[in-house]
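For reference, the structure discussed in these notes is given below.
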Amino acid sequence: MAGKKTITVFGATGAQGGSVVKALLQDNLFSVRAVTRDVTKPTARKLKEAGAEVVCADLDDETSVKHALKGAYGAFVVTNFWEHMDKDKEIKQGKQIADHCKQLGLQHVVYSGLENVHKLTGGQLEVLHFDSKGIVEEYSRQIKVPMTSVRLAFYFENLLTLCKPQKCQDGKTYQLVIPMGDIPMDGISVTDLGPIVCSILKNPCEYTGKDIGLSADKLTIKQYAEIMSEVTGKTIVDSKITPEAYAKLNFPGVQEMTSMFLFYHMRPDRNVELTRKLNPDVQTFKKFMEANKEAFKDL
Ligand code: NAP
């Protein structure tokens with residue numbers, strides 16, 4: 001480990017940070033400092049067994065954040081809006097990390113950002129978990145944090161969980177209930193983020209100062225459904241739900257999700273070619289489905 005530069009990875013026990021830790025450890029150029037609020041949890045123990053230094057820090061506790069960043073060459077930063085669904089809290093957490101990265105002189109920060117939709121649309125549309133990250137991106141640029149922002153597309157994994165196909169009344173057919181109409185929606189497996197972040201950290205001159213929209217595939221919901229049907233052998237179709245009808249569904253965060261899909265209607269910049277350059281093994285949706293078809297056994 002001696003002599004290696006350290007990368008502090010926030011959200012290390014989660015989907016994004018977990019993928020980043022895994023890729024960095026495999027690559028072996030940097031040493032990894034993995035951040036969690038609970039170093040005793042099984043995911044944290046596994047990170048330690050895999051070779052990461054695991055440290056305790058809470059994004060709401062400034063001293064612990066500073067401690068987690070001290071001495072690091074770089075960082076991967078993700079904040080989790082969905083844990084609290086509070087835009088201001090996500091902004092506060094993000095700005096505070098940016099301040100410490102700047103003060104401690106980190107040389108390269110990869111931030112999991114998104115667009116400030118409110119600003120982009122002149123106030124026409126508000127997507128709280130995008131806007132907060134966009135505000136943090138802007139702030140980090142203002143205070144001159146050497147940062148690359150990676151803006152992830154919709155995780156393919158969402159199609160196995162929150163947005164999994166719903167059984168129709170006939171008991172046989174399934175529907176994807178996603179209000180995109182015929183507009184293609186970018187997607188990516190979050191497990192493919194790690195090698196992307198690793199490539200970015202290894203090429204700071206090329207990527208510092210850039211906002212990179214990540215996507216592995218641009219498909220209509222009909223195409224997602226067709227691939228799912230082909231791989232699982234089940235009949236899965238696009239429900240063709242409208243945004244208006246979607247907004248009336250009953251689950252926590254439905255307004256936020258509706259606003260996000262409305263922003264996706266505007267086809268935000270997600271660059272499949274650059275994503276493939278950064279991770280040549282990035283999975284297409286078909287590959288992802290083939291690797292995960294077990295998850296559909298008990299639909
Ligand atoms: P995740 O799998 O739920 O993991 C959340 C991570 O955040 C955990 O490692 C957790 O660590 C850490 N964390 C949460 N609050 C913390 C705090 N106060 N202090 C320290 N660590 C904290 O989440 P994820 O999917 O990796 O990332 C979520 C973010 O991705 C969201 O903000 C979302 O907007 C963004 N995003 C999602 C999608 C999508 O399609 N789902 C697409 C683009 C962007 P411990 O619990 O171990 O402390």
Side-chain angles (χ1 to χ4, degrees), residues 1 4-84 89-90 92-101 104 106-114 129 132-133 136 140 145 147-152 155 157-158 161 188-202 204 212 214 278-279:
M1 299 278 277
K4 282 189 196 169
K5 293 173 177 169
T6 299
I7 306 293
T8 296
V9 179
F10 288 91
T13 58
Q16 293 195 24
S19 171
V20 172
V21 170
K22 187 174 170 200
L24 289 173
L25 288 175
Q26 259 169 23
D27 183 72
N28 208 23
L29 179 68
F30 297 103
S31 61
V32 178
R33 186 180 296 159
V35 178
T36 173
R37 286 165 294 183
D38 178 4
V39 296
T40 65
K41 71 201 264 189
T43 5
R45 287 175 194 268
K46 280 197 185 128
L47 295 175
K48 194 169 177 198
E49 280 162 26
E53 172 194 3
V54 179
V55 301
C56 183
D58 187 328
L59 297 178
D60 299 322
D61 169 5
E62 202 170 343
T63 313
S64 70
V65 170
K66 194 171 172 182
H67 195 69
L69 288 166
K70 206 167 176 192
Y73 158 83
F76 171 75
V77 177
V78 59
T79 51
N80 186 12
F81 172 86
W82 296 105
E83 186 165 309
H84 44 75
K89 186 170 174 140
E90 187 166 44
K92 189 174 172 203
Q93 291 177 337
K95 284 187 173 179
Q96 198 174 87
I97 302 177
D99 283 337
H100 289 302
C101 288
L104 292 165
L106 268 74
Q107 292 180 52
H108 196 181
V109 176
V110 181
Y111 173 62
S112 181
L114 286 168
H129 70 291
S132 49
K133 294 180 183 74
V136 173
S140 303
V145 174
M147 179 188 80
T148 306
S149 181
V150 284
R151 296 169 169 172
L152 271 84
Y155 301 173
E157 283 79 359
N158 297 337
T161 53
I188 190 165
S189 168
V190 66
T191 61
D192 289 329
L193 175 66
I196 293 171
V197 172
C198 192
S199 296
I200 292 171
L201 285 167
K202 287 166 84 173
I212 302 176
L214 298 175
L278 290 163
N279 179 0

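Scanning for side chain to side chain contact (heavy atoms under 4.5 Å, CB included) contacts around Ser132 gives Lys87, Glu90, Ile91, with sequence neighbours left out. Partners of Glu83 under the salt bridge (Lys or Arg N to Asp or Glu O under 4.0 Å) rule, at least two apart in sequence or in another chain, are Arg37. For the side chain to side chain donor-acceptor pair (under 3.5 Å) test, no residue two or more places apart in sequence or in another chain qualifies with Thr63. Residues satisfying the side chain to side chain contact (heavy atoms under 4.5 Å, CB included) test with Ala44, not counting sequence neighbours, are Thr13, Thr36, Lys41, Val54. Residues satisfying the side chain to side chain contact (heavy atoms under 4.5 Å, CB included) test with Asp99, not counting sequence neighbours, are Gln103, Tyr139, Ile143.
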Test side chain to side chain contact (heavy atoms under 4.5 Å, CB included) on Asp60 and Lys89 and set out the steps.
CA-CA 9 Å; Asp60 299 322; Lys89 186 170 174 140; 3.3 Å; yes
Leu59 and Ile97: CA distance, side-chain angles, deciding distance, side chain to side chain contact (heavy atoms under 4.5 Å, CB included) verdict:
CA-CA 8 Å; Leu59 297 178; Ile97 302 177; 3.5 Å; yes
May I have the step-by-step check of side chain to side chain donor-acceptor pair (under 3.5 Å) for Ser189 and Glu157, ending in yes or no?
CA-CA 6 Å; Ser189 168; Glu157 283 79 359; 2.7 Å; yes
Under the side chain to side chain contact (heavy atoms under 4.5 Å, CB included) rule, what do Val32 and Thr6 come out as? Steps first, then yes or no, please.
CA-CA 6 Å; Val32 178; Thr6 299; over 6 Å; no
Tell me, with the steps shown, if Leu106 and His100 meet side chain to side chain contact (heavy atoms under 4.5 Å, CB included).
CA-CA 9 Å; Leu106 268 74; His100 289 302; over 6 Å; no
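Counting heavy atoms from C-beta on, the side chains of Leu69 and Phe10 come closer than 4.5 Å. Lys70 is listed as a side-chain neighbour of Leu104, based on a closest heavy-atom distance under 4.5 Å. You'll find the side chain of Val55 stays beyond 4.5 Å of the side chain of Val39, heavy atoms only. Looking at heavy atoms from C-beta onward, Ser140 lies out of side-chain contact with Val109 at the 4.5 angstrom threshold. Here the side chains of Leu201 and Leu24 are in contact, with some heavy-atom distance below 4.5 Å.
Considering CD of Gln96 and NZ of Lys66, their distance stands at 11.0 Å, rounded to 0.5 Å. Between the CG atom of Leu214 and the CG atom of Asp192 there is a distance of 10.5 Å, given to the nearest 0.5 Å. The distance from the NE2 atom of His108 to the CZ atom of Phe30 is 9.0 Å, given to the nearest 0.5 Å. Note: Tyr73 OH to Arg33 CZ = 15.0 Å, rounded to the nearest 0.5 Å. In this structure, the separation between CZ on Phe76 and OG1 on Thr148 is 11.5 Å, given to the nearest 0.5 Å. Taken from CD in Gln16 to CG in Asn80, the straight-line distance is 9.0 Å, to the nearest 0.5 Å.
Although no hydrogens or angles enter the test, the distance criterion places no donor-acceptor pair under 3.5 Å between the side chain of Ser112 and the main chain of Val78. The closest donor-acceptor contact from the side chain of Ser199 to the backbone of Leu278 lies under 3.5 Å.
Listed here is the closest heavy atom pair of Ala52 and Val21: CB-CG1, 4.4 Å. The heavy-atom pair separating Gly94 from Thr79 by the smallest distance is N-CG2, 4.4 Å. Pairing each heavy atom of Cys198 with each of Ala23, the nearest pair is SG-O, 4.3 Å. Counting all heavy atoms, side chain and backbone alike, Ala12 lies closest to Leu47 at O-CD1, 3.5 Å. Taking every heavy atom of both residues into account, Val35 and Ala57 meet most closely at CG1-CB, 3.6 Å. Closest of all the heavy-atom pairs between Ala98 and Val145 is O-CG2, 3.6 Å.
For the salt bridge (charged side-chain N to carboxylate O under 4.0 Å, His left out) condition, the pairs that include at least one residue of residues 9-27, sequence neighbours left out, are Asp27-Lys202.
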